[in-house]
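Atoms within a ligand are numbered from 1 in the order they appear, just like the ligands themselves.
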Amino acid sequence: MKLIEPMNEYAAEIAAYRQEFLAAGDSMDGTGALRRMEDPVAWIAFCQRLRSRETAPNGWMPATQFLYVREEDRRIVGMIDVRHSLNGFLEQYGGHIGYSVRPSERRKGYAQSMLREALRYCWRDLGMSRVLITCLEENEASRKTILVNGGVYESTVFEPAEGARIQRYWIEKPRVLLITGFEPFGGQIVNPSWESVRALLDRIGPWQLVKMRLPVVFGRAARQVIQRAEEIKPQAVLCVGQAGGRSALTPEMVGINLRHGAQPDNEGALLQDAPIDPDAPAAYFATVPVRAMARAIQEAGLPGQVSYSAGTFVCNDVLFSLLRHFDGKKGIACGFVHVPYQTGQGEPSMPPADIARALTAAIQAL
Ligand code: PCA
């Protein structure tokens, strides 16, 4: 599947697309002036004029028109129209993006993937940071398409010309969160940190999650997460670890410059009161909103509490190393959350689904 801008070789397909809507008596959303223009070649030329403010006709906002084409048979399954900015009508009722899927290609998930691609175009090519998308109150399919793509409901307005109730949704440019969990250690066969991180949705509010599993090894875990963060340049890094014995999820306030294990790490290193970096300060404060995260967990009805010690084992090693590396750099917020045992590991414990729900709440507070 791909989005392409209209070109003359698709003229016959465009005419067929239009015909199918006229026959079905369906509204041809996301096609600009196609309903009124019988000649597809004229419509293609019109779309080209709309591409920039200088050439757009009076009363039209600059916009990019796309055809959503299935490559195997070069069939147009949908159309989507991205307005670069809003005028009074669009600001209220129309929004930045309009789209349609032809009646014979519906219920195949095309609207969702088409919108996802168009949003990428908004973020990457147009440099937009948020878009307004609207749908008729009764259009369940369109609402789902918007929600799956991260839409947040704002309000419902009445459009007098059509006598329609229209829902307004905003979609924010995704921000990348690198989130990690650990492999099992200390004779356990699971680590609830990785189990819960891996169960999280890939998209939470404005955050696009990139997940990673870390080894319980001094130095190596920290190097791996720092290297990945340097590659993908996330806006935040949140590491999650198991703290057997705790009964709440605990966002950590501070990472300290110390390695000490009552037990060896997963490669057998047993470190005793060794500094992580003899030249670095004694400690760094986490740069995520620790207290707001704990509060968000509580407000979700789950146990959350600020912690002032991430211990001295591999979790603290990772937190301290991340904070030292990204100290004040490029707005990358770094933090750590310890989680209790999951059911079956020992007590106190929480069901893994609750741990994931609590992490979701914490992420929403980032
Ligand atoms: N917890 C350990 C290391 C890995 C994990 O999940 C810790 O608290 O340091």
Side-chain angles (χ1 to χ4, degrees), residues 178-200 211-226 228-229 237-277 283-286 288 290 293-294 297 303-325 334-352 354-356 358-359 362-363:
L178 176 59
I179 185 159
T180 70
F182 281 101
E183 66 184 9
F185 70 106
Q188 298 274 349
I189 54 165
V190 291
N191 190 320
S193 64
W194 175 245
E195 298 308 317
S196 54
V197 164
R198 127 175 134 164
L200 295 173
K211 301 171 182 177
M212 182 179 185
R213 185 174 183 260
L214 296 178
V216 182
V217 177
F218 280 119
R220 182 132 66 87
R223 278 196 301 278
Q224 285 187 7
V225 63
I226 289 170
R228 191 91 176 94
V237 184
L238 188 63
C239 302
V240 184
Q242 160 192 312
R246 293 193 187 177
S247 56
L249 278 90
T250 50
E252 299 291 349
M253 189 63 92
V254 61
I256 63 174
N257 189 0
L258 190 67
R259 286 172 171 166
H260 184 86
Q263 54 187 336
D265 71 12
N266 281 358
E267 282 193 342
L270 182 60
L271 290 160
Q272 303 282 299
D273 289 333
I276 296 172
D277 176 353
Y284 284 97
F285 288 117
V288 293
V290 174
M293 289 162 70
I297 296 168
Q305 209 181 323
V306 172
S307 160
Y308 300 97
S309 173
T312 54
F313 196 44
V314 178
C315 292
N316 173 73
D317 192 55
V318 166
L319 176 59
F320 177 87
S321 306
L322 264 176
L323 290 169
R324 182 191 48 180
H325 186 83
C334 299
F336 199 100
V337 179
H338 266 118
V339 304
Y341 282 141
Q342 70 179 48
T343 314
Q345 281 188 290
E347 292 304 325
S349 71
M350 283 172 72
D354 282 357
I355 299 177
L359 284 178
I363 290 165

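Using a 4.0 Å cut-off between heavy atoms, Asn191 contacts ligand 1 through its side chain alone, with no backbone atom that close. The side chain of Phe182, and not its backbone, has at least one atom closer than 4.0 Å to an atom of ligand 1 (non-hydrogen atoms only; side chain from C-beta on).
Considering all non-hydrogen atoms of both residues, Tyr341 and Ile355 come closest at O-CD1, 4.2 Å.
Taking atom 8 (O) of ligand 1 as the reference point, the nearest protein heavy-atom neighbour is His338 NE2, 2.8 Å.
Less than 4.0 angstrom separates some heavy atom of Gln242 from each of these atoms of ligand 1: 1 (N), 2 (C), 5 (C), 6 (O), 8 (O).
Checked by atom type and distance alone, the side chain of Gln272 pairs as donor or acceptor with a backbone atom of Gly261 at under 3.5 Å. Within the 3.5 Å criterion, the main-chain N or O of Ile256 finds a donor-acceptor partner in the side chain of Asn316.
Looking at Ser307 and Glu252, their side chains do bring a donor and an acceptor atom within 3.5 Å of each other. No side-chain donor-acceptor contact under 3.5 Å links Gln242 and Gln188.
Considering backbone and side-chain atoms together, Asn316 places no N or O closer than 3.5 Å to any N or O of ligand 1.
For atom 4 (C) of ligand 1, the nearest non-hydrogen atom from the set Cys315, Gly241, Gly261 comes from Cys315.
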